[in-house]
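Report on the structure given below.
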There are 2 protein chains.
Amino acid sequence: MDAETRALGFEHALRRAGIRITRQRAALLRVLASAEDHPDATQLFQRATEAGAGVSLATVYRTLSALEAQGVVLKVEFAGEPARFEPADGKHHDHMIDVETGEVTEFVSDRIERLQAEIAAELGYEIVRHRLELYVRRKT
Amino acid sequence: MDAETRALGFEHALRRAGIRITRQRAALLRVLASAEDHPDATQLFQRATEAGAGVSLATVYRTLSALEAQGVVLKVEFAGEPARFEPADGKHHDHMIDVETGEVTEFVSDRIERLQAEIAAELGYEIVRHRLELYVRRKT
DNA sequence: ATCCCTGCAAACCCTTTGCAGCGCA
DNA sequence: TGCGCTGCAAAGGGTTTGCAGGGAT
């Protein structure tokens, strides 16, 4: 999915929820839609500002909350850093964080997912959501 | 392991690192050692206060940091709440959080651990630490 | 013309820290 | 007695919010 298609998806999701697309939001959605990494609110603010969006940090947070509430953006909170945000299209995945470089890699493991569900079920629970992060180092 | 044995272990770890056992710390260690749940700093502060320890919240944080640095206490950060602390004796485990009651259950899965290591290895990494939390709901 | 939105700054929550005096070892 | 410790209060970082004016629908 290209960035503009994704941005339009964001707009649609907001409009559907009766949320207005302002100049600031339109700009922000595009910044977010084209992010390849996992930026935090401050980085999104900077990028939007560089793009001439004239947005305040408060609006960045407010828009991210709205997008998250609509389920089109995921907030990811790694240990000891500000929350990061990623588009929620695409399939579920977990994260691997290189502790030396900070680089984030996404991965999926159906087997782990299945085991998690089994463990929960054994204790009489069903999984609502989960968080799995591997903090790793490049093997020597 | 009973609470007092655990508390003595904490004291030993601190002393070994050249850290003094003050009245406040001794009290705090006992509160922590006898915690069955996963209390956060404020709760530990309250319990210590109720026990007549005369401790300040700052000291609670400072002592917890020291214990964590010695590896005898683990700081656990669940999504959207203050950090919790648990004694680090016993074996590694992950956490399951009941989203309705907030109750925390510990669990282990060697198979998941193994799969994590495999996934990291496939990408040329080795795991430094990981975080796995299942947010669950009692099955109907 | 509505209301929702915006920017700003202040407020928030959790946690850390500077300081001057206190008390373990 | 030395040096780490303590309480207090202020600072800190990330995030949220109250307010009065502005703009999308």
Original post:
With a 4.5 Å heavy-atom cut-off, do A:L67 and A:K75 have their side chains touching?
Top reply: no

Subject >> B:E113 and B:I127, any side-chain heavy atoms less than 4.5 Å apart >> reply: no

NZ/NE/NH1/NH2 to OD/OE distance under 4.0 Å, [X] and [Y]:
| X | Y | value |
| --- | --- | --- |
| A:R6 | A:D89 | yes |
| B:R47 | B:D40 | no |
| B:R15 | B:E11 | yes |

Original post:
When all nucleic acid strands are considered with a 4.0 Å heavy-atom cut-off, which category describes A:G80: base, sugar-phosphate, or nothing?
Top reply: nothing

What is the separation between atom [atom1] on [X] and atom [atom2] on [N], rounded to the nearest whole Å?
| X | N | atom1 | atom2 | answer |
| --- | --- | --- | --- | --- |
| B:E11 | D:dC5 | CD | P | 14 Å |
| B:L64 | C:dT17 | CG | C1' | 16 Å |
| A:F45 | C:dT6 | CZ | C1' | 13 Å |
| B:L14 | D:dG4 | CG | P | 15 Å |

Subject >> Value rounded to 0.5 Å, distance of OH in B:Y61 from OG1 in B:T42 >> reply: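 If we round to the nearest 0.5 Å, B:Y61:OH and B:T42:OG1 are 5.0 Å apart.
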
Subject >> Terminal helix-axis angle for the helix from C:dA1-D:dT25 to C:dA25-D:dT1, with five pairs defining each axis and rounding to 10 degrees >> reply: 30°

**OP:** Let me see the working for A:H12 and A:Q70 under side-chain hydrogen bond (donor to acceptor under 3.5 Å, both in side chains), right down to the final yes or no.
**Re:** CA-CA 10 Å; A:H12 183 232; A:Q70 297 314 311; over 6 Å; no

Original post:
Quick one: is D:dG7 close enough that its OP1 or OP2 comes under 4.0 Å of any side-chain N or O from B:T59?
Top reply: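 So the side chain of B:T59 is within the cut-off, an N or O lying under 4.0 Å from OP1 or OP2 of D:dG7.
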
**OP:** Start with the C-alpha distance between A:H38 and A:E103, add both sets of side-chain angles, then the distance that settles side-chain hydrogen bond (donor to acceptor under 3.5 Å, both in side chains), and finish with yes or no.
**Re:** CA-CA 9 Å; A:H38 297 72; A:E103 193 191 342; over 6 Å; no

**OP:** State, without any angle test, whether A:H92 and A:E106 hold a side-chain donor-acceptor pair at a distance under 3.5 Å.
**Re:**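 No - no donor-acceptor pair under 3.5 Å links their side chains.
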
**OP:** Show your reasoning for whether side-chain hydrogen bond (donor to acceptor under 3.5 Å, both in side chains) applies to B:E133 and B:H95.
**Re:** CA-CA 5 Å; B:E133 287 147 26; B:H95 298 96; 5.9 Å; no

Original post:
For residues 17-39 of chain B, which residues have at least one heavy atom under 4.0 Å from DNA chain D?
Top reply: B:I19, B:R20, B:T22, B:Q24, B:R25

Original post:
Taking the six-membered ring of A:Y125, is the NZ or CZ of B:R138 close enough (under 6.0 Å from the centre) and on axis enough (within 45°)?
Top reply: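 The answer is yes, since B:R138 meets both limits relative to A:Y125.
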
Original post:
When you check every protein heavy atom under 4.0 Å of nucleotides 15-20 of chain D, what one-letter string (B, S, -) results, 5' to 3'?
Top reply: SBBB--

